[in-house]
Amino acid sequence: MDNALLSRDRTVFLDGEWVNGRGKPIRSVDPSTGSALTELNGARAEDVSLAAAAASRAFGSWRRLPAAKRATYLRGFAAGLLARKETLVALQMLNNGKPRIEAEIDIDDAVATFEYYAGLAETLDARQDGIIELADPTLSGRTRFEPVGPVALIVPWNFPLVTTAWKLAPALAAGCTAVLKPSEFTTPAELVYGDIALEIGLPAGVLSILPGAGDVGAAMTTEARFRKISFTGSNATGRRVMAAAAERSLPVSLELGGKSPIVIMEDADVAQAIEIAALGIFFNAGQMCSATSRLIVADKIADDVIAGLRRHVAGMVVAGHEDSAAEMGPLTTAAQRDKVLEYLLRARHDGLDCLAGGASTGREGGFFVEPSIYTDVPTDHPIWREEIFGPVLAIRRAASEDEALTLANDSDFGLAATVVGGERADDLANRIDAGHVWVNSPQIIFPNTAWGGFKASGIGRELGPWGLAAYSGVKHVTSRVGA
Ligand code: NDP
């Protein structure tokens, strides 16, 4: 483990240099043991103003760079992450409790995202000034894509580096400058973006990083120089971000919660369905906005699927980073563990049918919770309706495809969904209210696909060309021909 990532003197990346943090201490914990990893000095809310001023100063020249030149910096971020892959994998395991394979997927995802947006940036100049035919032949029109300005990026702790890449790469590609506030729980990994920025000679002010807690995030939402806020996290905080932005009529992108369904149709391959269902709720210990936490299974195969899931869970290795066989780690924070345990207590109190788990693992120290499954969960129960953000699966049986669809769509959220089934699976996928649907596939997210939700799951889309569009404004120019 490269201790340099855990023991920095200077923790605030401001206007192209590392400076001392003068705000509250940011404590990082190893969730596998509960022991302290490091304490770093956070930024102050006042630093938001300094970082925003730097982002404003840098914006003019950054936006005017050829987009292909900006692409070279994005490729630099990809290369910088790749060069540190082993260190970052170790850090994700240590600070997030991720099993190795999951930590590796995270770094690969962040690298692929920077590479993808570098490629998109390389095509951006050629797409500028597209001609629009106008009804008046003495006039001609053209379309340009302009960066929205300096942007505030606020990210959570469940996929550090990754959610940041999903915002930072398209923002920089579009020509925006950015100020990033990582989660206070997973700061050390995110600070690596500052190291790479220095290494690749990113112009000062194009990226600043302010480690801090909610007070720093809140200060970002009221800072006048930002022209957009992009936020990923809980609906409760997302509402606060949106309310602050509304005061200034500021655009927001919000990637919020989910209570995503997985529908297993009667002609599904049962073994495949069990594997996909387990990954959909136990990957990252269920701390995924896209976790398929509501399983709706066709009556005809329900007994087989439920029995298979029980066997699967019984064989799962739940362990910390010290165990190379770990399939599921601890929850990332003590608060998250407590929140999940409250739901499990409620389930016990309400007499839900618990097929597996239902408690903490009993292991001393770490933030472990058993992979938990409840069957025949009432549709008005919090276990069925609310985002738990933990390894808790709620199951219901459906007598028909229509009933399965009704159950799937009966949610305030609409982020993601999975369908496992035969030839009608794609048709069912088309009828589910979700921004991203997997059919007979585990939850793989490619950087060129849209990410974001319907209903209360958020506003806007990340990734793909839509991710770039989130940081660009469309400008139309009408000119007199020959003038
Ligand atoms: P939050 O939504 O509170 O945090 C997300 C980010 O917003 C963090 O960087 C946080 O800072 C920051 N923040 C906190 N308060 C404000 C504010 N007033 N204005 C602007 N930014 C702010 O998530 P939590 O970490 O507190 O987790 C709470 C719950 O949210 C979890 O139990 C889970 O259910 C859900 N969640 C959902 C996620 C998703 O992707 N859908 C991701 C993470 C959590 P800091 O954390 O440093 O205080």
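If you're wondering where the values come from, they're calculated on a predicted model, not measured in any experiment.
A side-chain N or O of Asp109 and one of Thr113 form a donor-acceptor pair less than 3.5 Å apart. Side-chain contact, Thr375 with Asp353: a donor N or O sits under 3.5 Å from an acceptor N or O.
For Lys259 and Asp410, the salt-bridge test fails: no basic side-chain N is under 4.0 Å from an acidic carboxylate O. Remark: Asp380 does not engage Arg385 in a salt bridge, criterion side-chain N to carboxylate O under 4.0 Å.
Counting heavy atoms of neighbouring residues, nucleotides and ligands inside a 6.0 Å radius, atom NE2 of His349 does not exceed 12 of them. The environment of CG in Asp412 is sparse: at most 12 heavy-atom neighbours from other residues, nucleotides or ligands sit within 6.0 Å. The environment of CD in Glu275 is sparse: at most 12 heavy-atom neighbours from other residues, nucleotides or ligands sit within 6.0 Å.
Looking at Gln336, its side chain does come within 3.5 Å of a backbone N or O of Phe389 through a donor-acceptor pair. Side chain of His436 to backbone of Ala450: a donor-acceptor contact under 3.5 angstrom is found. In this structure, the side chain of Glu255 does not engage the main chain of Glu462 through any donor-acceptor pair within 3.5 Å. Arg100 contributes no side-chain N or O that, together with a main-chain N or O of Ser324, makes up a donor-acceptor pair within less than 3.5 Å.
Residue Thr292 holds its OG1 atom at 5.0 Å from CD of Gln443, rounded to the nearest 0.5 Å.
Ring geometry for Tyr193 versus Phe114: interplanar angle of 30 to 60°, hence tilted.
A cation-pi contact, defined as under 6.0 Å to the ring centre and within 45° of the axis, links Arg461 to Phe454.
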